[in-house]
Amino acid sequence: MSKGFRNITGTFDILPDSQTIDGTTIPGARIWVDAECRIRGVMALYGFQEIRTPVLEPTELIARGVGQDTDIVSKEMFAFERGDTRYVMRPEVTAPVMRSYLQHHLDQKGGVQKLFYIGPCFRAERPQKGRYRQFHQFGVELIGAEGALADVEAISVMMDIYQKLGVHDTRLRINSLGDETCRSKYRKALLEYFEPLRSELSETSRSRLKTNPLRILDTKVEKERALLKNAPRLVDFLDSAGRAHFTLVKDMLGDVGIPFVEDPFLVRGLDYYSHTTFELESPVLGAQSALAGGGRYDFLAKAIGHRHQVPAIGFAAGFERLFQAMKAGGQNMDIPQHTQIYLVALGDEAQRWAQTTAARWRSAGHSVIYDLKGRSMKAQMREANRLNAGMVVIIGSDELASGSVVVRRMDSGEQQNVSLASIDSLVAT
RNA sequence: GUGGCCGUAGCUCAGUAGGUUAGAGCGCCAGGUUGUGGCCCUGGAGGUCGGGGGUUCAAUUCCCCUCGGUCACCCCA
C-alpha cells in the first residue's frame, strides 16, 4: 500500500493482538503463546522433551534426508552459498532432529528419545490459504523404538494435543508403506498396471511413472482416481512382519480409542517414510486440509550417512492451520491484555510517586502500569479500562497533600480512600 | 512455475454511467463530566482512491504496464 518496507511475501508479522487481513486471521502473540503452552503441557504428560535445532542446516542434509526428487528439495528450498558451504533454511525439522540425535549420540542415553520441537520452517512455494513461506510447526520425533507401541504413542500425543486445543472435527487417515523391499515390489506392480493405461494419465503422473510411481496414488485428477480403484494395493505387498506391524498399530489405536480410517492411497511427499504413515485432516481447512502428518522413518538415519538403521516415528503439525481450525470451530481468537494495577498519576510529583510505587509492587510480583505521557485523567482511566486493569490507584495533588490515595475496583466501580502508609498491605492481598 | 479474482481512511467496506470539498461503521483523539473507565451524545484527526504511463477540457472511475494481496493448480504443515 504505502512505499515503506513490507514483510516478505508469504511471511507475516505476529502482533500483540490478533489481526484480520482480507478475511484471514493472524492470531496475536498471546494466542501463539497460549497454544504453545498447551502443547508443551501435553508433551510433558507423555514425557516428550523439547529440542531446538538451528533454522540453518547444511543443504546436503535436507537433500539426502528428505529426498532429491521430492518437491521440497527440487524446487522449494531457500538455499544459498557462502564460501564453500551450502546452507538451507530448514523446510522441515525431522531430518535436522535426526542429525542432532546422531551427532550428539543421544542413543547412548539409554531408552528411547522422545523429542518434540516448536519452530519456523521455510518453503519457497506460492502462498495460499493455510500455506506460507515461513510457517510454524510443532512435532514429535520418537527415536529408537521400532514396535507398534511407539507408533501409537506418537499418534496419541498428536490426537491429545488437538483435543486439548479444542479442535474436535478431525479425521485420522493411516496407511502402511512397508519397507524398501515390499515397496519396490509394489512399485513394479504399479508400473505394470499403469503401463497399458499410460495414455489415460496426466502429464505429471506419466513423469512420475519414472521418478516416483507411488506419488500417483495421491493424485486429485478424477479420471486417475477412478483408475486407482483397480490398481494393486500396497497392503497386499507387505511382508508378514510389515503386515503384522500395521495390524498391531490398528488394533492398538482401537484399544486406546482413537478413531481412524485406513486409506490405501495415503502416501507422503517425503522420501524417508516407511511402514506406518498417517495424516490428520480437518474438513474446515479448504484446499490445504492437512493439520498434521507423519509416519515411521526407519531409513532416514542411513540416508543421511549413519552406519546403522535407527527406528523412528514422528509427526509434524502446522500452527497456521491449527489456528484456522480453532477459529472455524468457533474458538475465540482474542485473548485480551490484562494488568493487575493501573496507577493514575496527575502531576509531576504524583508521577514520581507512581514510578517508585510501581517499582516496589512489580518486584513484589504484581503487574503495574502507569501513564508515561502525562495524559489527562480521562485518558489514563480509558487506558486502564483497555488494559483490563483490576484496580486503579489514583493520585494527584490532593492525595499527596492528604496522604491518602483513591483505590477504585474497575469491575464494580467501588472506591475507597487508603492512606499512603497502608497502601502496600492492600495491594499485597 | 501456471491460472482466476481483488487493491478507496488503522480495520471492514460504500461510491462516482469520467466532473470541481471522496463517504459510512468500527477504532483512535478530544469535549460533554475544569480529577474518574466501560454505555450515550457531540466534534476532530486520518486518504497522493496501490504505483507509473495513456485517452480526455477533466481520471479514484476508461485503457496499458507494474507492484502488492488473495484463492486455486502442483505439493505440503
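Quick note on labels: first sequence line is chain A, next is B, and so on, each numbered from 1. Excluded from the calculations below are hydrogen atoms, water molecules and symmetry mates; all remaining heavy atoms, backbone and side chain alike, are included.
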Got a list of side-chain donor-acceptor pairs under 3.5 Å for residues 343-352 of chain A, not counting sequence neighbours?
none

(message) Holding to ring pair (Phe, Tyr, Trp, His ring centres under 6.0 Å), I want the full list of residues that pass it with F80(A), two or more places apart in sequence or in another chain.
(response) Y87(A)
Integer-rounded Å distance: [N] [atom2] and [X] [atom1]:
| X | N | atom1 | atom2 | value |
| --- | --- | --- | --- | --- |
| K129(A) | rC6(B) | NZ | P | 18 Å |
| E125(A) | rU2(B) | CD | P | 16 Å |
| D17(A) | rG10(B) | CG | P | 18 Å |

(request) Report the distance from atom NE2 of H306(A) to atom CG of L300(A), rounding to the nearest 0.5 Å. (result) 11.0 Å
(request) Report the distance from atom NE2 of H104(A) to atom CD of Q113(A), rounding to the nearest 0.5 Å. (result) 11.5 Å
(request) Heavy atoms only: give me the nearest I304(A)-M98(A) pair and the separation to one decimal. (result) CD1-CG, 3.8 Å
(request) Kindly give the heavy-atom pair with the smallest separation between L426(A) and R409(A), and that separation in Å. (result) CD1-NH2, 4.2 Å
(message) Does a side-chain N or O of Q288(A) approach OP1 or OP2 of rA77(B) to a distance below 4.0 Å, or not?
(response) no
(message) With a 4.0 Å limit, can you tell me whether Q19(A) has a side-chain N or O closer than that to the phosphate oxygens OP1/OP2 of rC11(B)?
(response) no
Reckon [X] touches a base, only the sugar-phosphate, or nothing at all at heavy-atom distances under 4.0 Å?
| X | result |
| --- | --- |
| G130(A) | base |
| R126(A) | base |
| A292(A) | sugar-phosphate |
| Y132(A) | base |

(request) Output all residues satisfying side chain to side chain donor-acceptor pair (under 3.5 Å) with E125(A), sequence neighbours left out; order by chain, then residue number. (result) R131(A)
(message) Can you list everything that forms a side chain to side chain donor-acceptor pair (under 3.5 Å) with D271(A)? Sequence neighbours excluded, please.
(response) none
Partners meeting salt bridge (Lys or Arg N to Asp or Glu O under 4.0 Å) with [X] (sequence neighbours left out):
| X | answer |
| --- | --- |
| R171(A) | E281(A) |
| D69(A) | none |
| R64(A) | E60(A) |

Protein and nucleotides 24-26 of chain B: nitrogen or oxygen contacts under 3.5 angstrom:
none

(request) At under 4.0 Å between heavy atoms, which parts of nucleotides 28-38 of chain B does protein reach? Answer with one letter per nucleotide, 5' to 3': B base, S sugar-phosphate only, - none. (result) SSS-B--BBBB
(message) If you take any heavy atom closer than 4.0 Å to RNA chain B, which residues from residues 311-320 of chain A end up in contact?
(response) A316(A), G318(A)
(message) Does anything in residues 57-68 of chain A come within less than 4.0 Å of RNA chain B? Heavy atoms only, and list the residues if so.
(response) none
If only side-chain N and O atoms count, and only distance matters, is there a donor-acceptor pair under 3.5 Å linking [Y] with [X]?
| X | Y | answer |
| --- | --- | --- |
| S419(A) | S422(A) | yes |
| E383(A) | Y342(A) | yes |
| D151(A) | H245(A) | yes |

(request) Given ring-ring contact (aromatic ring centres under 6.0 Å, His included), test F138(A) with F319(A) step by step and report yes or no. (result) CA-CA 7 Å; F138(A) 65 92; F319(A) 275 94; 5.2 Å; yes
(request) Validate the cation-pi geometry between K250(A) and F246(A): distance from NZ or CZ to the six-membered ring centre under 6.0 Å, angle to the ring axis within 45°. (result) yes
(message) Using a 3.5 Å limit on both distances, find every run of at least three consecutive Watson-Crick or G-U pairs that involves RNA chain B.
(response) B:1-7 with B:67-73, B:10-13 with B:23-26, B:28-32 with B:40-44, B:50-54 with B:62-66
(message) Does E279(A) contact rA77(B) through a side-chain donor or acceptor facing the base, at a distance under 3.5 Å?
(response) no
